[in-house]
Visitor: 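Let me begin by handing over the structure; questions about it come next.
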Number of protein chains: 2
Amino acid sequence: MEGSAPRRTRIQQEKRELILEAALEVFSTNGFRGSTIDQIAEAAGMSKPNLLYYFRRKEDIHETLMERLLETWLAPLRELDDIGDPLTELRSYIRRKLEMARDFPRESRLFANEILQGAPRIMPLLEGELKALVDEKAAVIKGWMRAGKIARTDPWHLIFSIWATTQHYADFDVQVRAVLGPDRGGDGRFEDAARFLEQLFIDGLKPKG
Amino acid sequence: MEGSAPRRTRIQQEKRELILEAALEVFSTNGFRGSTIDQIAEAAGMSKPNLLYYFRRKEDIHETLMERLLETWLAPLRELDDIGDPLTELRSYIRRKLEMARDFPRESRLFANEILQGAPRIMPLLEGELKALVDEKAAVIKGWMRAGKIARTDPWHLIFSIWATTQHYADFDVQVRAVLGPDRGGDGRFEDAARFLEQLFIDGLKPKG
DNA sequence: GCAAATTTTGACCGATTGGACAAACGTTAG
DNA sequence: CTAACGTTTGTCCAATCGGTCAAAATTTGC
């Protein structure tokens with residue numbers, strides 16, 4: 001595991017944040033190999049050697065970014081609560097995921113980029129932490145099904161399809177806007193999506209009469 | 001527009017195909033900027049200058065690949081037929097899309113890469129051909145809804161969610177397999193996905209009693 | 001206010017990259 | 001057979017890249 005966090009001055013904390021913010025922008029639009037340190041440095045408003053004073057290697061930036069990302073990314077699923085009303089829980093899970101796609105599209109794209117390339121840097125996390133979390137929540141959902149609270153389906157593929165549909169509005173945003181056109185592709189598209197997804201998943205999951 | 005197709009010798013046709021096949025492999029796993037001409041040349045079993053004899057610039061390979069891709073990619077949607085039975089038509093559309101994710105994951109990832117980066121090279125096609133096709137099919141679906149053949153929803157977002165869920169099994173394959181684990185993540189995962197998606201979409205779209 | 005520590009910069013380096021080019025090699029048609 | 005054409009290769013180049021380094025500028029602790 002990591003050693004104890006190194007002591008950091010005020011300037012170091014500020015500049016590191018600045019760099020991570022700039023790197024998020026650059027990495028998420030160009031991918032890791034498609035991004036250059038110069039680009040990130042310029043976006044952060046500093047020179048390349050100066051940036052390298054805070055992060056010694058390009059990979060270190062990416063790594064730090066990914067570590068932070070995964071936690072926020074899984075938070076919505078973590079909140080899925082065994083105790084609450086099943087349909088309400090699932091509805092707010094979908095809503096939270098869609099809000100993340102709307103409010104943090106760069107994070108979504110960064111993640112998508114990583115997975116697309118075979119997840120070379122986070123494979124252990126996927127097989128470990130992520131799998132464990134999904135298995136746990138799948139068991140919760142299975143419990144709801146057994147109790148007749150929601151219709152029976154495959155909980156894993158249900159989760160996949162919630163991920164897929166919500167993240168689609170971040171990752172494929174340009175396509176969504178291109179297809180919807182200037183009128184329907186405006187700010188309202190996320191509300192339309194929310195209505196549609198609620199109907200698709202929640203109505204579809206209501207227990208069969 | 002392009003001039004008339006240039007005359008090509010037998011060797012040129014064969015070698016160009018070889019290069020495109022190799023480039024599909026390389027581009028889809030590393031992205032455009034993440035791939036080098038050397039990599040593609042090696043995968044195609046020829047030297048870099050030799051490859052550059054057939055495609056003068058790296059971009060030309062990518063461009064050719066994207067042009068071919070879009071047609072095959074849209075073919076399933078093109079087949080969605082006004083005449084057929086609505087639920088049957090939608091069911092086979094979903095099945096075809098999922099089969100493409102299974103059989104042509106590299107093409108799917110290549111496309112995803114392009115969109116993720118803002119679709120710099122195919123934006124006009126998205127706003128033109130793609131939008132026109134989707135609008136046309138959305139109208140077909142709307143007709144089915146008006147006729148009471150399927151439940152009412154937003155046809156555009158319905159199409160998006162079919163794209164998202166099916167392509168997810170190609171683009172996020174490593175994540176899917178990591179989460180499902182060695183047992184459930186084997187070859188059967190596409191059949192499980194097919195069953196799940198059919199239930200989600202088709203049952204969800206049955207007209208309300 | 002000053003010495004020590006931290007931050008910033010410009011100059012530089014080796015490796016990799018996309019691509020050019022001419023010469024060598026093969027193929028094909030008459 | 002041979003001349004014209006098509007193909008392949010080795011060598012080379014300029015640009016870009018990630019990263020180093022020592023010196024200069026700045027901030028900090030006392």
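Naming: A, B, ... by sequence-line order, numbering from 1 per chain. Hydrogens, waters and symmetry mates are skipped; everything else that's a heavy atom, side chains included, is used.
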Visitor: Anything under 3.5 Å between a donor and an acceptor, one on a side chain of residues 125-136 of chain B, the other on a protein residue two or more places apart or in another chain? List them.
Guide:
from: E129(B); atom 1: OE2; to: R78(B); atom 2: NH2; distance (Å): 3.2
from: K131(B); atom 1: NZ; to: V179(A); atom 2: O; distance (Å): 3.4
from: K131(B); atom 1: NZ; to: D135(B); atom 2: OD2; distance (Å): 2.7
from: D135(B); atom 1: OD1; to: W156(B); atom 2: NE1; distance (Å): 2.9

Visitor: Quick test of your reading of the model: are E191(B) and R102(B) salt-bridged, counting only N-O distances below 4.0 Å?
Guide: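 So E191(B) does not pair with R102(B) through a salt bridge.
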Visitor: Whole-Å distance between dT7(C) P and I19(A) CD1?
Guide: 11 Å
Visitor: Roughly how many Å is it from CZ in R57(B) to P in dG19(C), rounded to a whole number?
Guide: 7 Å
Visitor: Within residues 25-32 of chain B, which residues have any heavy atom lying less than 4.0 Å from an atom of DNA chain C?
Guide: none
Visitor: Using a heavy-atom distance cut-off of less than 4.0 Å, which residues of residues 41-53 of chain B contact DNA chain C?
Guide: K48(B), P49(B), L52(B)
Visitor: E198(B): what forms a side-chain contact (heavy atoms from CB on, under 4.5 Å) with it, not counting sequence neighbours?
Guide: R91(B), R95(B), I202(B)
Visitor: Between atom OH in Y54(A) and atom C1' in dT9(C), what is the gap in whole Å?
Guide: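 It works out to 12 Å between those atoms.
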Visitor: Rounded to the nearest angstrom, tell me the gap between atom CZ in R33(A) and atom C1' in dG18(C).
Guide: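 The answer, rounded to whole Å, is 13 Å.
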Visitor: Does anything in residues 32-53 of chain A form a side chain to side chain donor-acceptor pair (under 3.5 Å)? List the pairs, not counting sequence neighbours.
Guide: none
Visitor: Could D103(A) and R96(A) be called an ion pair, given the rule that one side-chain N must be under 4.0 Å from one carboxylate O?
Guide: no
Visitor: Between D192(B) and R189(B), is there a salt bridge with N-O shorter than 4.0 Å?
Guide: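 Not counted as a salt bridge, because no side-chain N and carboxylate O are separated by less than 4.0 Å.
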Visitor: Kindly confirm or rule out a cation-pi arrangement of R177(B) over Y169(B), judged by NZ or CZ under 6.0 Å from the six-membered ring centre and within 45° of its axis?
Guide: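 No, a cation-pi geometry is absent between R177(B) and Y169(B).
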Visitor: Heavy-atom count check: over 12 atoms from other residues, nucleotides or ligands less than 6.0 Å from F104(B) CZ?
Guide: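 At most 12 heavy atoms, drawn from other residues, nucleotides or ligands, come within 6.0 Å of this atom.
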Visitor: For DNA chain D, which nucleotides open and close the run of contacts to chain A, 5' to 3', at under 4.0 angstrom from a non-hydrogen atom?
Guide: dC17(D) to dT28(D)
Visitor: Given atom CG of L18(A) and atom P of dT8(C), what is their separation to the nearest angstrom?
Guide: 10 Å
